[in-house]
Amino acid sequence: MSKSFYSAMGFEEVVISPDMSLFQIPGGLAFYLQDAYVKDWVDNTMLFLEVDDLDKHHADTMGLKLPSQFKGVRVSGIRTEDWGREYFIHDPSGVLWHVGTFV
């Protein structure tokens, strides 16, 4: 399910082996996704994606309607902090993404 989720988000999958893929987007962001689930690791994982235009990124993400396509996925509204602005995406396995921009 996570492979389909990241593909829906616009990541391109490069299969490394039957249980590992590289997911990448233009601009150089890439990460490996392995066919392994360790609850303690997932519960303590947070990734931060810095974007140039947070409002556009959020609108584009909301337009994908990910929560209706993937069980457990949540997308928050944008919030403002002292350091900048951000919103959150919970992927199907529970990994928390912070998407934001710094002041």
Side-chain angles (χ1 to χ4, degrees):
M1 181 176 330
S2 290
K3 286 183 173 190
S4 297
F5 170 78
Y6 286 112
S7 293
M9 282 189 61
F11 286 86
E12 177 186 333
E13 180 182 8
V14 177
V15 177
I16 306 297
S17 70
D19 60 353
M20 183 178 288
S21 291
L22 174 73
F23 282 84
Q24 55 191 6
I25 55 174
L29 174 70
F31 66 92
Y32 292 96
L33 185 65
Q34 186 176 0
D35 186 14
Y37 179 82
V38 178
K39 183 171 176 28
D40 287 343
W41 187 81
V42 169
D43 288 346
N44 290 290
T45 298
M46 182 217 54
L47 302 166
F48 190 96
L49 174 61
E50 184 177 0
V51 297
D52 292 327
D53 186 339
L54 186 66
D55 294 305
K56 180 179 181 336
H57 195 280
H58 185 259
D60 291 347
T61 300
M62 295 300 287
L64 296 174
K65 302 189 182 314
L66 297 168
S68 65
Q69 296 182 59
F70 302 97
K71 183 178 179 180
V73 170
R74 291 178 285 158
V75 180
S76 76
I78 295 174
R79 66 185 213 181
T80 301
E81 301 291 344
D82 292 340
W83 54 265
R85 300 170 63 226
E86 69 178 342
Y87 75 95
F88 307 109
I89 303 171
H90 294 263
D91 85 356
S93 68
V95 170
L96 174 62
W97 283 80
H98 290 241
V99 181
T101 185
F102 294 96
V103 180

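Numbers here simply count residues along the sequence, with the first being 1.
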Of the non-hydrogen atoms in Gly100 and Leu54, which two are nearest, and what is the gap between them? CA-CD1, 3.8 Å
With rounding to the nearest 0.5 Å, note down the distance linking CG in Leu49 to CD1 in Ile25. 5.5 Å
What about Val42 and Val38, same hydrophobic cluster or not, with Ile/Leu/Val/Met/Phe/Trp/Tyr joined at side-chain heavy-atom distances under 4.5 Å? yes
Mind checking the CD-CD spacing from Glu81 to Glu86? Nearest 0.5 Å is all I need. 5.5 Å
Glu13 vs Tyr6, side chain to side chain contact (heavy atoms under 4.5 Å, CB included): CA-CA, chis, key distance, verdict: CA-CA 8 Å; Glu13 180 182 8; Tyr6 286 112; over 6 Å; no
NE2 on His98 to CZ on Phe88, rounded to 0.5 Å: 5.0 Å
Checking side chain to side chain contact (heavy atoms under 4.5 Å, CB included) for the pair Val99/His58: CA distance, chi angles, key distance, verdict? CA-CA 8 Å; Val99 181; His58 185 259; over 6 Å; no
If the test is salt bridge (charged side-chain N to carboxylate O under 4.0 Å, His left out), which one of Asp53, Asp52, Asp60 qualifies with Lys56? Asp60
About how many Å separate CG of Leu96 and CZ of Arg74, when rounded to the nearest 0.5 Å? 8.5 Å
Would you indicate whether the side-chain heavy atoms of Met9 and Asp91 approach each other to under 4.5 Å? no
Partners passing side-chain contact (heavy atoms from CB on, under 4.5 Å) against Met20 (at least two apart in sequence or in another chain): Ile16, Ser17, Tyr32, Gln34
Under a plain distance cut-off of 3.5 Å, with no hydrogens placed, do Tyr87 and Thr61 share a side-chain donor-acceptor pair? yes
To the nearest 0.5 Å, atom CG of Leu64 lies from atom CD of Gln69 at 7.0 Å
Atom CD1 in Ile78, atom NE2 in His57: separation rounded to 0.5 Å? 10.5 Å
Taking every heavy atom of Ala8 against every heavy atom of Leu66, the minimum-distance pair comes out as CB-CD2, 4.0 Å
For the aromatic rings, using the six-membered ring if either is Trp, is the centroid distance between Phe23 and Phe5 under 6.0 Å? no
Check whether Val95 and Phe31 end up in the same hydrophobic cluster, where Ile, Leu, Val, Met, Phe, Trp and Tyr are linked by side-chain heavy atoms less than 4.5 Å apart. yes
Is there a chain of hydrophobic side chains (I, L, V, M, F, W, Y, each step under 4.5 Å between heavy atoms) that links Tyr37 to Trp41? yes
